[in-house]
Amino acid sequence: MMRANNYSWVSIYFSSLALILTYGVNFTLGRITYTGYFVNDDLARMLLVFSAIFMSLNYGYYLFLIPISLLAYVIPPQFISPLIFLVSLTTLKNAKGLRTIFIMIDSLGIAYILFYIFRAYVNYLILPLILVQDGFTVVTVPLMFLGIIYGIGRKLTYKALTIPWYLSFIVGLIIVLLPLTPFNVFHYPETVDWRFYYQWLTKPKLCWFLYTRPLYLSLLLLLSTIINAKILSQLEIIPLALFYIFSAYKLGNSLQKDLGPLSALMAAVSPSLLTFLYSGLDSNLFSISLFFLSLSYLLKNELKTSVVLSYASLLSHVYAWAQLEGGVILYILAEYIIFHDMKKSYLDYVKYTSPMFIIGLILIFSRILPVPLGDSFSNIYSQLSLLSWGSANAFLYYFISIYGLDGTHKLIYTIYATSILAIIPLAVVQNLIIDIPLFIPAAVGVSKLKNLGKPIILFFIIWGLYMSLNSFPYIYNGVSI
């Protein structure tokens, strides 16, 4: 039974702080990742107990959490704090002050960026934003698995928040162009992979690098005849980012009228695009953009264009295509077998593309195309918070995406579910996550939040700018450190 004055929402703040203090925070400043900050087990134990008490005050069935929280004084709180936090999320619907909190965080983030423009690095201003995005890494993937269950339910339709169609392209362009400004002593995006593309373009050869992305490398080789190979390798992320945003726009509009602009903006500020900015993986980005365009045409029953784009995606990055294609084939076959109702164009798509998917599986299981199989759960934390400078670590973005799964088309949901389940046998957690079109459920999730949606959109934009500004070393008196 619930009391009239409901204070259970306070527990979400206590449990959040407890989780942060238990595991600490890893964050990136000036392309240096700092680890293990703000760890305080004693304070975390006390906050866990407070969280359990506040939940129990209004909901008697939460009384069992009090003795569980007290166990943190007997066993390490690392075992208790994730559980208490996940349970406290059930009180989030009653939470008060969230809009005010996000407006304050946004204000501090804007101040941080303004100071940065004048070469004053007041990093404490961005701390609240860092805590929200980087402070809950340990529960991110478990929540993604729970999202599979949450998204099974009835698919609802939510009216998308209205934003200008061009906003996403402006924001995305600023994020990828900031490394070209005088703030960066190198004057180009410091993506890791550009060197590999440059080396291959200067000395093309038959190798695994070419076999897994032949179309993309062929296009680069052709362009290198008119553009300097080094400049091309360093700056390819810029047109690829715009292409990715465009594909998100097309896919969003194909799924739901007026969802395109918000989907594109969610793609522009996504951890996926930020990871590509930090690490490169350019052929991967090109491949998934082609695939999202393929899906947009499939949804409009334009079969030929869809199949051609799907094969172009395959030839641009075999692994990314296989991950997404598997979800599409499973969705179409499951719908046909269970409900006996599927568009002919969808079935024809499976007929024309599944042979290559089957061949790919045979090549993978025969080890001709190597795939890192193994225990992924032991390195989930490091892959999100440390790999690629933690650029894929964005708790709030994932949480909002999961929240929007109940209003997401079953096709996108199936791609999400199969990709998350693939984490179990495959030791490539980050790669699997960044290839998912999370910008669709993220757009739905933000739309569901109504008045809270716009402060959170601003939060994501500030996060994207912050991550871009810290994708290269700081400069003091002309010297990078």
Side-chain angles (χ1 to χ4, degrees), residues 6-20 25 27 29 38 47 51 54 85 88-89 91-118 120-136 158-164 167-168 170-172 174-175 178 261-271 274 393-404 439 441-470:
N6 192 337
Y7 297 104
S8 61
W9 56 272
V10 177
S11 63
I12 190 68
Y13 296 120
F14 284 137
S15 64
S16 297
L17 290 173
L19 190 64
I20 292 169
V25 178
F27 55 91
L29 293 171
F38 310 116
L47 291 173
S51 178
F54 271 96
F85 174 77
S88 70
L89 289 178
T91 69
L92 196 56
K93 62 181 181 295
N94 300 315
K96 299 177 182 178
L98 285 177
R99 179 179 170 82
T100 302
I101 289 173
F102 276 103
I103 289 174
M104 291 174 61
I105 293 175
D106 292 345
S107 301
L108 292 173
I110 292 171
Y112 167 84
I113 292 170
L114 292 175
F115 276 114
Y116 192 109
I117 291 173
F118 294 100
Y121 306 114
V122 189
N123 294 325
Y124 289 108
L125 292 173
I126 208 69
L127 180 59
L129 186 140
I130 289 173
L131 293 178
V132 172
Q133 289 284 64
D134 293 339
F136 306 94
Y158 298 95
K159 180 176 172 56
L161 286 179
T162 303
I163 62 170
L167 179 61
S168 58
I170 294 174
V171 171
I174 292 173
I175 288 173
L178 280 174
L262 188 55
S263 297
L265 181 58
M266 289 297 99
V269 297
S270 66
L274 293 174
N393 196 17
F395 170 78
L396 184 63
Y397 190 96
Y398 298 133
F399 184 79
I400 296 296
S401 300
I402 294 167
Y403 182 57
F439 48 80
V444 175
V446 166
S447 299
K448 287 173 62 177
L449 292 171
K450 298 180 181 178
N451 292 335
L452 186 57
K454 290 184 179 179
I456 287 182
I457 289 174
L458 181 57
F459 176 98
F460 288 141
I461 292 174
I462 295 169
W463 174 255
L465 296 173
Y466 152 75
M467 289 298 292
S468 179
L469 288 170
N470 286 280

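Residue numbers run from 1 in the order of the sequence given. All values reported here derive from a predicted model rather than from experimental measurement.
- At distances below 3.5 Å, at least one donor-acceptor pair connects side-chain atoms of Ser447 with backbone N or O atoms of Ala443.
- Residues satisfying the side-chain hydrogen bond (donor to acceptor under 3.5 Å, both in side chains) test with Tyr158, not counting sequence neighbours, are Asp406.
- Judged by distance alone, with hydrogens and angles left aside, the side-chain atoms of Ser270 form a donor-acceptor pair with the main-chain N or O of Ala267 at under 3.5 Å.
- A heavy-atom distance below 4.5 Å is found between the side chains of Ile20 and Phe136.
- Side-chain contact between Pro271 and Tyr398: present, with at least one pair of heavy atoms (C-beta onward) separated by less than 4.5 Å.
- For Tyr466 and Trp463, the gap between ring centers is short of 6.0 Å.
- In this pair, Phe459 and Phe102 present their aromatic rings perpendicular. The plane angle is above 60°, beyond the 30 to 60° band.
- A heavy-atom distance below 4.5 Å is found between the side chains of Leu449 and Tyr403.
- In this structure, the side chain of Tyr397 does not engage the main chain of Gln133 through any donor-acceptor pair within 3.5 Å.
- Remark: side-chain polar atoms of Ser51 are paired, donor with acceptor, to backbone N or O of Ser11 under 3.5 angstrom.
- Nearest heavy atoms, Phe399 versus Leu89: CE1-CD1, 4.0 Å.
- The number of heavy-atom neighbours closer than 6.0 Å to CZ of Phe38, taken from other residues, nucleotides and ligands shown, is above 12.
- Between Leu274 and Ile175 the shortest side-chain heavy-atom distance falls below 4.5 Å.
- Here the side chains of Leu127 and Phe27 are not in contact, with every heavy-atom distance at 4.5 Å or above.
- Side-chain N or O atoms of Tyr116 include one that pairs as donor or acceptor with a backbone N or O of Leu469 at under 3.5 Å.
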Test log, rule side-chain contact (heavy atoms from CB on, under 4.5 Å), inputs Ile457 and Leu262
CA-CA 9 Å; Ile457 289 174; Leu262 188 55; 3.8 Å; yes
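- Rounding to the nearest 0.5 angstrom, the gap separating the CG atom in Asp106 from the CG atom in Leu458 is 4.0 Å.
- Atom CG of Leu29 and atom CE of Met467 lie 9.5 Å apart (nearest 0.5 Å).
- In this structure, the side chains of Leu396 and Phe460 come closer than 4.5 Å at one or more pairs of heavy atoms.
- Classified by interplanar angle (parallel below 30°, tilted 30° to 60°, perpendicular above 60°), the ring pair Phe54/Phe14 is tilted.
- Atom NZ of Lys454 sits in a sparse spot, with 12 or fewer heavy atoms from other residues, nucleotides or ligands closer than 6.0 Å.
- With contacts defined as side-chain heavy-atom distances shorter than 4.5 Å, the pair Ile126/Leu108 does not qualify.
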